[in-house]
*Asks:* 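Can you read through this structure? Questions will come right after.
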Amino acid sequence: EVGRFDESRRFLERGVEQNPKDERVYRLRAQMELRAGKPEDAQRSLERGLEAITDKRARTELYSVLAELLIQQNKLAEVPSVIRSLRETAVSIGWADYFEAQLALRNEQWAQATRALELVRPHIGLSGRFGTRINLQLGQCYQQLGDMERQLEAYRRAVKNDPWSDPARSGFAATLL
């Protein structure tokens, strides 16, 4: 296992050397480091990519992965600077608000998270995994705020978006009880 990890690391390092402007090699390197249990190395890989890349779309992708990583690692104090950078470079509307919502959720600031998620939903949360995730999070927020009607609607949207999602179906059913 260690040998395969080292081989993968060398392969991706060659990828960085040959394609220093390709955000995918930095993102793949970060994913590999996370799987190896090395979140600090994953963060360094993403930061290295941000130093090397000027393309806004690629930087948006790297900042998004970095923000997600920092939140997962509970490095919440570092997230606001990444959000500011996302606001400056993001090519699609909503990513900075999305991570503002994630930060608010982590801090159990339900009203703030709800506002941010509602801003994001029309831009990046209509379909796919983000649509389900955003609606699940809205359901959680509305539950915490005691707004059962909106909670039910959020879970209804999540189920409609992904009928096989156990959390969406469970949330919907629990709200009905």
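As a basis for the values below, the full set of heavy atoms in this structure was taken, side chains included, without hydrogen atoms, waters or symmetry mates. FYI, the numbering just counts along the sequence from 1. Just so it is clear, the structure is predicted and the values come from calculations on it, not from any experiment.
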*Asks:* Please determine which of Leu50, Thr89, Asp55, Val82 meets the side-chain contact (heavy atoms from CB on, under 4.5 Å) test together with Leu62.
*Replies:* Leu50

*Asks:* Output yes when a side-chain donor or acceptor of Asn135 lies under 3.5 Å from a complementary backbone atom of Gly131, and no otherwise.
*Replies:*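 Yes.
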
*Asks:* Among Gln151, Glu153, Gln143, Glu149, whose side-chain hydrogen bond (donor to acceptor under 3.5 Å, both in side chains) with Thr175 holds?
*Replies:* Gln151

*Asks:* When rounded to the nearest 0.5 angstrom, what is the spacing between CD in Glu23 and CD in Glu61?
*Replies:*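 Here the interatomic distance stands at 5.0 Å.
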
*Asks:* What pair of heavy atoms forms the shortest contact from Ala113 to Cys141, and how long is it?
*Replies:* CB-SG, 3.8 Å

*Asks:* Atom CZ in Arg121, atom CG in Asp97: separation rounded to 0.5 Å?
*Replies:*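 Reported to 0.5 Å precision, the distance equals 14.0 Å.
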
*Asks:* Given Glu33, which partner from the list Asp41, Leu28, Leu46, Leu69 fulfils the side-chain contact (heavy atoms from CB on, under 4.5 Å) test?
*Replies:* Asp41

*Asks:* If only side-chain N and O atoms count, and only distance matters, is there a donor-acceptor pair under 3.5 Å linking Gln102 with Gln137?
*Replies:* yes

*Asks:* Please determine, by modelled atom types, if Tyr98 and Arg133 share a side-chain donor-acceptor pair under 3.5 angstrom.
*Replies:*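 A donor-acceptor contact under 3.5 Å links the two side chains.
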
*Asks:* Could you check if a side-chain atom of Ser165 sits within less than 4.5 angstrom of a side-chain atom of Val159, using non-hydrogen atoms only?
*Replies:* no

*Asks:* Taking the side chain as every heavy atom from C-beta outward, state whether Leu76 and Leu70 have any atom pair closer than 4.5 Å.
*Replies:*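 No, side chains not in contact.
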
*Asks:* Going by atom types alone, do Gln43 and Glu78 pair a side-chain donor with an acceptor below 3.5 Å?
*Replies:*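 Gln43 vs Glu78: donor-acceptor pair found between side chains.
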
*Asks:* Quick check for you: to the nearest 0.5 Å, what is the distance between Glu68 atom CD and Gln73 atom CD?
*Replies:*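 One gets 11.0 Å once the value is rounded to the nearest 0.5 Å.
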
*Asks:* About how many Å separate CD of Gln31 and OG of Ser45, when rounded to the nearest 0.5 Å?
*Replies:*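 Taking OG in Ser45 and CD in Gln31, the distance rounds to 10.0 Å.
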
*Asks:* Between Ala67 and Val79, which heavy-atom pair has the shortest distance, and what is it?
*Replies:* O-CG2, 4.5 Å

*Asks:* Should Glu17 and Arg48 count as an ion pair when the cut-off is N to O under 4.0 Å?
*Replies:* no

*Asks:* For the residue pair Leu103 and Gln112, establish whether any side-chain heavy-atom pair is separated by less than 4.5 Å.
*Replies:* no

*Asks:* When rounded to the nearest 0.5 angstrom, what is the spacing between CG in Leu176 and CZ in Phe172?
*Replies:*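 CZ of Phe172 is found 4.5 Å from CG of Leu176.
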
*Asks:* Once you round to the nearest 0.5 Å, how far does CG of Leu145 lie from CH2 of Trp110?
*Replies:* 8.5 Å

*Asks:* Does a side-chain heavy-atom distance below 4.5 Å link Tyr26 with Ile53?
*Replies:*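 Side chain of Tyr26 against side chain of Ile53, heavy atoms only: contact under 4.5 Å found.
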
*Asks:* Between Asn19 and Arg24, do the side chains contain an N or O donor and an N or O acceptor separated by less than 3.5 Å?
*Replies:*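 No, no side-chain donor-acceptor pair sits under 3.5 Å.
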
*Asks:* Could you tell me whether the side chain of Asp147 and the main chain of Arg150 form a donor-acceptor pair under 3.5 Å?
*Replies:* yes

*Asks:* Taking 4.0 angstrom as the limit, do Glu40 and Lys75 come out as a salt bridge?
*Replies:*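 A salt bridge is present here (some side-chain N lies under 4.0 Å from a carboxylate O).
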
